[in-house]
S.K.: 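Handing you this structure, nothing more for now.
All residue numbers refer to positions in the sequence shown, counting from 1.
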Amino acid sequence: IWDMSQTRNQFTPSRQLQVEEIVNNSHKKAKTKMRLVVPPCLKGELGNLYNVILLGAGFFFTFLGFNTMAGVQTLVFESAKDENSGGYVEGYNGNGLWSLAITYMAFVVGNIFAPSALALMGPRLTMIISSLGYVFYILQLLVLNDALLYTSSVILGLGSALYWTAQGNFLALNSRESTIDRNSGIFWAMFASSGIIGNLIVYTQFRGKEFIDTSTRNTVGAVLISMGSAATLTLMLLLPPYQDEETKEKERNNPKKGPIQALKDSGKLLLTRDMALLSFTFFFTGLQLNIWSAVYNTCIGFTAQFGEERKGLAVISGIFIALGEVLGGAIFGIFGKLTVSKGKSPIILLGYLCCMTAYILMFINIPKEAPFGETTLDNLAFIDPNKYLAVVASFLIGFSDACYNTQILSLLGGSYKEDSTSAFAIFKFQQVLATSIAFWYSPVLHLYWQLLIAAIFCSLGSAAFVSVEILSKRKTETKKESNQESAVS
């Protein structure tokens, strides 16, 4: 606090006016600007770890609600169209496939403008606002209406683009080179665990049900909205990332980007050599996402040789995929320091091995006609379909997906920390673009062709990632040698 009366005899009248103006402006800013008080125990690296855990918890609640919603959505829609279901809604003709297609298209478009949005609002506010898109999408369960379904699909797609880009940026801001692997693993394990609980809820509460009545639908909707709201409240507790003096100095020297500049920088980054190579990896993760989230479980549910329990087996498959994801994230989080010294390539190669093994098991165990609908006993696979092999393949594909995604998060959050918003926007754009393309060909291509396409891009994406890491290490070593030579001279 500046005592203005003590300055009257120390400055000339013109200087006095300037001082008073500065002090008055400071008082106004102090009164109007909201400041988040950080407890002393959460300052420094501990505060960043707190943020990473809260970030994982926020995404856990978001996708606990959303994944459970995805599991019961088809049942809700079919009940709303059947007059004898107890959940009939007159005039309702909502189509889940059209809703999903609209969401994917909005997601792709949203990723183009995500860097600009983050430049305006910052990652914390962006995540808080965009998390409400998931809540709004679940809200349409309470008021089933065609227009509301498709409108909420657009909002969900745009919000998802902002949500995931802000997540990557915030994770990078709360990590250093020595902690990015650990933080990526912690986040991924917490986020993926939502798939286990979501599938368990669907399996235990809705197994064998043919319809959902209005009362049950409203109860489910209210519970899922509460989960989504818990995510938003959790994200509100995030603290500003801790920054050391070196990081603060960089921020002072590099002014904050505007929305237009952020968009331009994303375009420039996309054209660099490393990002062009990583595009193969990003694209593969999108194809992989379509395989494990839509194609494989659906194929299990349509395979007649699994008998009457095939629908339940499809849900169990989803649980084991999530278990693989969680185990992968937990292992890479616990042993994050080891990956710093050994590099990311061994984990990518492990993921490649698990992925190809899972594809081979799917190839021999599931009839190629399974993506088209219910198969008959005449639709044969290379072996008699075995439910244990089906579950093993589920676990392997989940574990391999964790291998790829944790290392991508780690690479982008470490190597592209200063431009992480653009890097993560490019990643999500290409991933969702691949998923959108796969979404359209999945209902018309045999399973074997879909596995072949995914296997080709798995090989290309793995080779590209390893190449980028090798080139990056060479560049770092060359830079160190040149610095040493400069110091000697």
Side-chain angles (χ1 to χ4, degrees), residues 59-60 62-74 96-97 99-108 134 137 153 156-157 160-161 163-164 188 191-203 282-302 311 313-326 328-329 351 354-355 358-359 362 366 370-371 390-391 393-406 408 427-428 430-443 445 447 450-451 453-455 457-458 461:
F59 274 67
F60 166 81
T62 294
F63 287 93
L64 178 58
F66 184 71
N67 289 338
T68 307
M69 160 85 178
V72 301
Q73 183 172 262
T74 301
L97 288 176
S99 169
L100 190 59
I102 292 170
T103 299
Y104 277 139
M105 288 187 287
F107 201 152
V108 172
Y134 290 88
Y137 184 77
S153 298
L156 174 63
S160 297
Y163 201 40
W164 279 104
W188 196 259
F191 152 69
S193 62
S194 63
I196 300 175
I197 300 176
N199 278 293
L200 280 173
I201 293 173
V202 174
Y203 184 76
F282 300 159
F283 197 85
F284 160 68
T285 61
L287 299 180
Q288 174 92 318
L289 175 61
N290 183 66
I291 291 286
W292 68 256
S293 67
V295 175
Y296 185 53
N297 291 338
T298 301
C299 287
I300 290 176
F302 284 153
K311 301 300 181 184
L313 184 62
V315 180
I316 292 173
S317 169
I319 293 173
F320 273 84
I321 288 172
L323 278 172
E325 298 268 16
V326 172
C354 292
C355 186
Y359 289 168
M362 294 177 194
I366 304 294
V391 170
S394 301
F395 177 82
L396 288 175
I397 199 170
F399 186 82
S400 70
D401 193 62
C403 290
Y404 284 98
N405 279 283
T406 54
I408 289 173
F427 165 44
K428 298 309 294 186
Q430 299 199 40
Q431 184 184 58
V432 177
L433 179 63
T435 307
S436 303
I437 294 171
F439 169 80
W440 291 109
Y441 70 61
S442 292
L445 280 184
L447 177 63
Q450 296 189 47
L451 293 176
I453 293 170
F457 275 94
C458 181

S.K.: On a heavy-atom basis, which atom in Ala192 and which in Glu325 lie closest, and how many Å separate them?
M.R.: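 Closest approach of Ala192 to Glu325: CB-CB, 3.4 Å.
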
S.K.: Evaluate the criterion side chain to side chain contact (heavy atoms under 4.5 Å, CB included) for residue pair Gln450 and Tyr296; output intermediate values, then yes/no.
M.R.: CA-CA 10 Å; Gln450 296 189 47; Tyr296 185 53; over 6 Å; no

S.K.: With heavy-atom distances below 4.5 Å as the criterion, would you say the side chains of Tyr104 and Val108 are in contact?
M.R.: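 No - every pair of side-chain heavy atoms lies 4.5 Å or more apart.
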
S.K.: Could you label the plane-to-plane angle of the Phe59 and Phe63 rings as parallel, tilted or perpendicular, counting under 30° as parallel and over 60° as perpendicular?
M.R.: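 Correct class here is parallel.
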
S.K.: Do you know the tightest heavy-atom contact between Ser153 and Ile102?
M.R.: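 Ser153 and Ile102 have their closest heavy atoms at CB-CG2, 3.9 Å.
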
S.K.: Could you go step by step and tell me if Phe60 and Ile197 meet the side chain to side chain contact (heavy atoms under 4.5 Å, CB included) rule?
M.R.: CA-CA 10 Å; Phe60 166 81; Ile197 300 176; 3.6 Å; yes

S.K.: Measure the CZ-CG distance between Phe320 and Leu396 for me, rounded to the nearest 0.5 Å.
M.R.: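 These two atoms lie 11.5 Å from each other.
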
S.K.: Closest heavy-atom contact between Phe107 and Ala161?
M.R.: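 Taking Phe107 first and Ala161 second, the nearest heavy atoms are CE2-CA, 3.3 Å.
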
S.K.: Grab the two heavy atoms, one from Ala454 and one from Leu287, that are nearest each other, plus how far apart they are.
M.R.: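 In terms of heavy atoms, the two residues are closest at CA-CD1, 4.4 Å.
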
S.K.: Do Tyr163 and Lys428 make a side-chain contact, defined as non-hydrogen atoms from C-beta onward lying under 4.5 Å apart?
M.R.: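 Tyr163 does not reach Lys428 side chain to side chain.
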
S.K.: Tell me if a side-chain donor or acceptor on Ser317 pairs with a main-chain N or O of Leu313 at a distance below 3.5 Å.
M.R.: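 A pair under 3.5 Å: no.
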
S.K.: How many angstroms lie between atom OH of Tyr203 and atom CD1 of Ile316, to the nearest 0.5 angstrom?
M.R.: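 Spacing of OH (Tyr203) from CD1 (Ile316) equals 4.0 Å.
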
S.K.: Distance check, rounded to the nearest 0.5 Å: Ser293 atom OG versus Ile397 atom CD1?
M.R.: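 Atom-to-atom, Ser293:OG and Ile397:CD1 are 9.5 Å apart.
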
S.K.: Does some side-chain heavy atom of Trp164 sit less than 4.5 Å from a side-chain heavy atom of Phe427?
M.R.: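 Answer no - side chains too far apart.
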
S.K.: Are Ser99 and Tyr137 packed together at the side-chain level, in the sense that at least one heavy-atom pair is separated by less than 4.5 angstrom?
M.R.: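 Yes - at least one pair of side-chain heavy atoms lies under 4.5 Å apart.
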
S.K.: So, do Leu156 and Tyr134 sit near enough that their side-chain heavy atoms are less than 4.5 Å apart?
M.R.: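 They are in contact (side-chain heavy atoms under 4.5 Å apart), so the answer is yes.
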
S.K.: Can you check whether Gln431 reaches Asn405 side chain to side chain, under 4.5 Å on heavy atoms?
M.R.: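 Yes; the side chains approach each other to less than 4.5 Å.
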
S.K.: Using side chain to side chain contact (heavy atoms under 4.5 Å, CB included), reason through Cys458 and Tyr404 one step at a time and then give a plain yes or no.
M.R.: CA-CA 10 Å; Cys458 181; Tyr404 284 98; 3.5 Å; yes

S.K.: Ignoring hydrogens, what is the shortest heavy-atom contact between Val202 and Thr68? Give both atom names and the distance.
M.R.: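 It is CG2-O, 4.0 Å.
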
S.K.: How many angstroms lie between CG in Asn297 and CD1 in Ile319, if you round to the nearest 0.5 Å?
M.R.: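 The distance works out to 10.0 Å.
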
S.K.: Side chains of Phe284 and Cys355, heavy atoms from C-beta outward: is any pair under 4.5 Å?
M.R.: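 Side chain of Phe284 against side chain of Cys355, heavy atoms only: contact under 4.5 Å found.
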
S.K.: A side-chain contact here means heavy atoms from C-beta on lying under 4.5 Å apart; do Phe302 and Lys311 qualify?
M.R.: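 Yes, their side chains come closer than 4.5 Å.
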
S.K.: Gly195 and Asn199: which non-hydrogen atoms are nearest, and at how many Å?
M.R.: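 Taking Gly195 first and Asn199 second, the nearest heavy atoms are O-ND2, 2.7 Å.
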
S.K.: Can you list the steps and then say if Gln288 with Ser400 is a side chain to side chain contact (heavy atoms under 4.5 Å, CB included)?
M.R.: CA-CA 9 Å; Gln288 174 92 318; Ser400 70; 3.0 Å; yes

S.K.: Distance check, rounded to the nearest 0.5 Å: Ile366 atom CD1 versus Leu447 atom CG?
M.R.: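 Atom-to-atom, Ile366:CD1 and Leu447:CG are 7.5 Å apart.
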
S.K.: Taking atom CD1 of Ile196 and atom CG of Asn67, what is their separation to the nearest 0.5 Å?
M.R.: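 The CG atom of Asn67 is 11.0 Å from CD1 of Ile196, to the nearest 0.5 Å.
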
S.K.: May I ask you to check whether over 12 heavy atoms, not counting those of Phe439, lie within 6.0 Å of atom CZ?
M.R.: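 Atom CZ in Phe439 is crowded, with more than 12 foreign heavy atoms closer than 6.0 Å.
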
